[in-house]
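Below is one structure; the comments refer to it alone.
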Amino acid sequence: MSKMIAGQALVKVLEAWDVNHIYGIPGGSINHTVEGLYLEKANIDYIQVRHEEVGALAAAADAKFTGKVGVAFGSAGPGATHLFNGLYDAKMDHVPMLALVGQVPQATMNTNYFQEMDETPMFSDVAVYNRTATTAAQLPYVVNQAIREAYRQKGPAVVIIPENLAAEEIDYEPVKTPNVVSNSFTQQIDPAAITATLKLLKAAKHPLVYAGRGLLGARDELVKFSEQFNVPVLNTVPATGVIPTNHPNAIGTFGRLGSKSGFEALQHTDLILFLGSEFPFAQFWPKDIKIVQVNNNSFDIGKMVPVDYAVLSDAKSFLQAMNATGETLPETAWLTANRENKRNWNNWLDQLASDDSEGLAPEAVTKKIAAMVGPKDTYGVDTGNVSEWAVRGLPMDQQQRFALSGLFATMGYGLPAGLAGALSVPDAQSWSLSGDGGFAMVAPDIITEARYGLPVINVVFSNRRFGFIYREQIDTKQHLYGVDLTDADWAKVAEGLGGIGFTVTNNAEVDQVFDQIKDLQAKGNRKPIVVNAVIKDDDPIGTAFMPLDPKLYGQDAVDAYAKENHIDTTQQPSLGELLRAKGDNL
């Protein structure tokens with residue numbers, strides 16, 4: 001047992017949980033927590049961000065990259081309110097996070113003091129654990145419990161710390177924490193659930209796996225299942241990488257961020273194994289199909305789409321049990337047609353990348369990134385059209401890690417996630433991909449990357465508009481209003497903030513600049529890099545609805561859609577046509 005201020009003791013709790021860095025900005029109401037960070041600076045890194053929102057988003061991204069709790073702090077009042085974006089991102093994507101929130105000293109609470117707010121109810125909606133410490137001695141215990149709950153409930157925990165308590169000296173006894181917090185256990189599955197699923201799978205002609213984040217960390221099990229039962233696999237966007245993107249049975253995803261192969265597979269499936277997800281757009285799936293949903297949260301089963309059979313289990317254990325049956329299904333025209341459809345889609349994206357006659361295609365940039373990435377690189381991806389380009393173009397075929405704001409979908413996520421990637425996976429290259437709209441929200445924290453010598457490669461897709469919303473306004477026949485952006489030279493901005501800046505406008509410049517960046521990184525560059533990729537104004541093709549099958553939509557509709565989107569249907573026949581050519585007429 002040792003004597004120390006409570007602010008230092010709570011930092012020691014973080015260390016016991018293997019937290020090695022924390023984000024935040026000092027303030028009068030959290031100064032003695034910051035003092036604790038100073039006293040423990042040999043054991044935990046304090047990362048001074050330029051906005052608490054960036055710190056909170058980075059902490060949520062830490063958890064997505066590593067599975068370990070991410071930690072951020074803010075002072076009372078504005079410091080606290082700035083944390084909300086990161087907290088809601090962690091809540092909606094179900095990752096463990098801890099926020100330490102300053103509060104005015106207890107003697108001045110309830111007196112309308114400077115920056116005093118009633119903070120506990122502020123966090124009641126977002127936090128899985130939300131407590132205000134009332135004595136200095138309990139602070140280590142409360143922080144320890146908060147982290148336990150963040151892991152147990154997979155969400156953000158909040159501890160509010162009156163400043164006088166953090167300053168008080170206490171007797172600290174080291175806390176005991178679990179050595180491992182992971183999804184490595186195997187759950188016992190009711191044999192009846194396996195028997196019933198096998199019966200449905202054998203009766204289906206066009207079965208499909210739809211995999212969510214609940215299968216992250218279960219890649220081997222998913223690949224084995226897909227190969228053993230010869231079933232194609234779709235994944236939700238936040239679960240990108242749950243199956244290697246280059247696996248022949250991986251056919252993309254569904255929705256506006258998806259792929260032609262993903263959309264069309266859903267139009268022809270008759271059975272979906274819906275695994276480890278609460279995918280909100282499942283409500284738009286076809287209505288005449290059977291669905292088996294596997295989820296470890298009973299509340300999530302049937303929440304988004306009616307299901308025919310429910311299995312209350314973690315998805316990894318379910319797949320292990322299915323694989324253990326030794327049952328197999330033969331390779332069918334359904335699987336081979338889906339594989340061919342995905343290959344055709346990838347070839348089409350390559351064609352888009354190669355053509356810069358009307359300006360730089362974003363696909364050319366992601367293709368160049370894909371050629372450069374290492375086996376453990378991290379991607380921090382912003383919200384908007386950039387999400388589409390990233391999901392469609394970035395490889396996740398080795399140990400790469402991917403983080404974006406999935407269900408909360410906040411803009412400004414890319415740069416903080418890139419910052420987190422550099423800190424959480426320091427032995428790999430960190431990338432951030434942003435649109436110019438999202439990047440503008442958080443650009444000052446290039447200073448943070450420069451301050452700590454983090455050579456993140458930040459790619460900004462500049463087209464001078466909020467592209468995702470621009471397309472929504474067009475699709476809903478609204479006036480184009482508020483979606484245009486005043487341009488900025490992001491390369492010069494980077495230089496002014498302590499980084500290295502480049503601008504690319506065509507394919508030759510992309511090759512030249514990225515090769516130059518590769519040389520810089522090989523020589524030990526420690527400065528952040530910003531690539532201002534000035535892209536053409538064309539929107540990425542929308543994949544939420546793709547009428548390319550003449551049997552389903554009529555030839556006139558197919559011709560009109562293909563013309564609008566510059567699709568050669570001889571090179572991109574529909575999945576229905578591929579199936580019919582193989583004698584599958586369902």
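The chain is numbered in sequence order, starting from 1.
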With S387, which of T240, L404, V237 fulfils side-chain contact (heavy atoms from CB on, under 4.5 Å)? L404
Looking at L57, V126, D125, which one forms a side-chain contact (heavy atoms from CB on, under 4.5 Å) with L87? V126
Angle class for the [X]/[Y] ring planes (parallel below 30°, perpendicular above 60°, tilted otherwise)?
X: H268; Y: H206; result: perpendicular
X: W431; Y: F514; result: parallel
X: F254; Y: F279; result: perpendicular

Using modelled atom types and a 3.5 Å cut-off, is there a donor and acceptor pairing between side-chain atoms of [X] and backbone atoms of [Y]?
X: D356; Y: A361; value: no
X: N295; Y: S277; value: yes
X: D300; Y: G276; value: no
X: S462; Y: N532; value: no
X: S432; Y: G380; value: no

Show, in sequence, the C-alpha distance, side-chain angles and deciding distance for Y553 and F545, and conclude whether the ring pair (Phe, Tyr, Trp, His ring centres under 6.0 Å) test is met. CA-CA 11 Å; Y553 307 107; F545 179 64; 5.4 Å; yes
Is it the case that [X] and [Y] place a side-chain donor and acceptor less than 3.5 Å from each other?
X: Q555; Y: D559; result: yes
X: N297; Y: H94; result: no
X: N338; Y: K342; result: no
X: N85; Y: Y413; result: no

Please evaluate residues E264 and N341 with respect to the criterion side-chain hydrogen bond (donor to acceptor under 3.5 Å, both in side chains), reporting the C-alpha separation (whole Å), side-chain torsions for both, the decisive distance (0.1 Å), and the verdict. CA-CA 9 Å; E264 291 185 327; N341 202 29; 2.9 Å; yes
Kindly determine whether W348 and K260 satisfy side chain to side chain contact (heavy atoms under 4.5 Å, CB included), including the steps that lead there. CA-CA 10 Å; W348 185 70; K260 172 180 179 288; over 6 Å; no
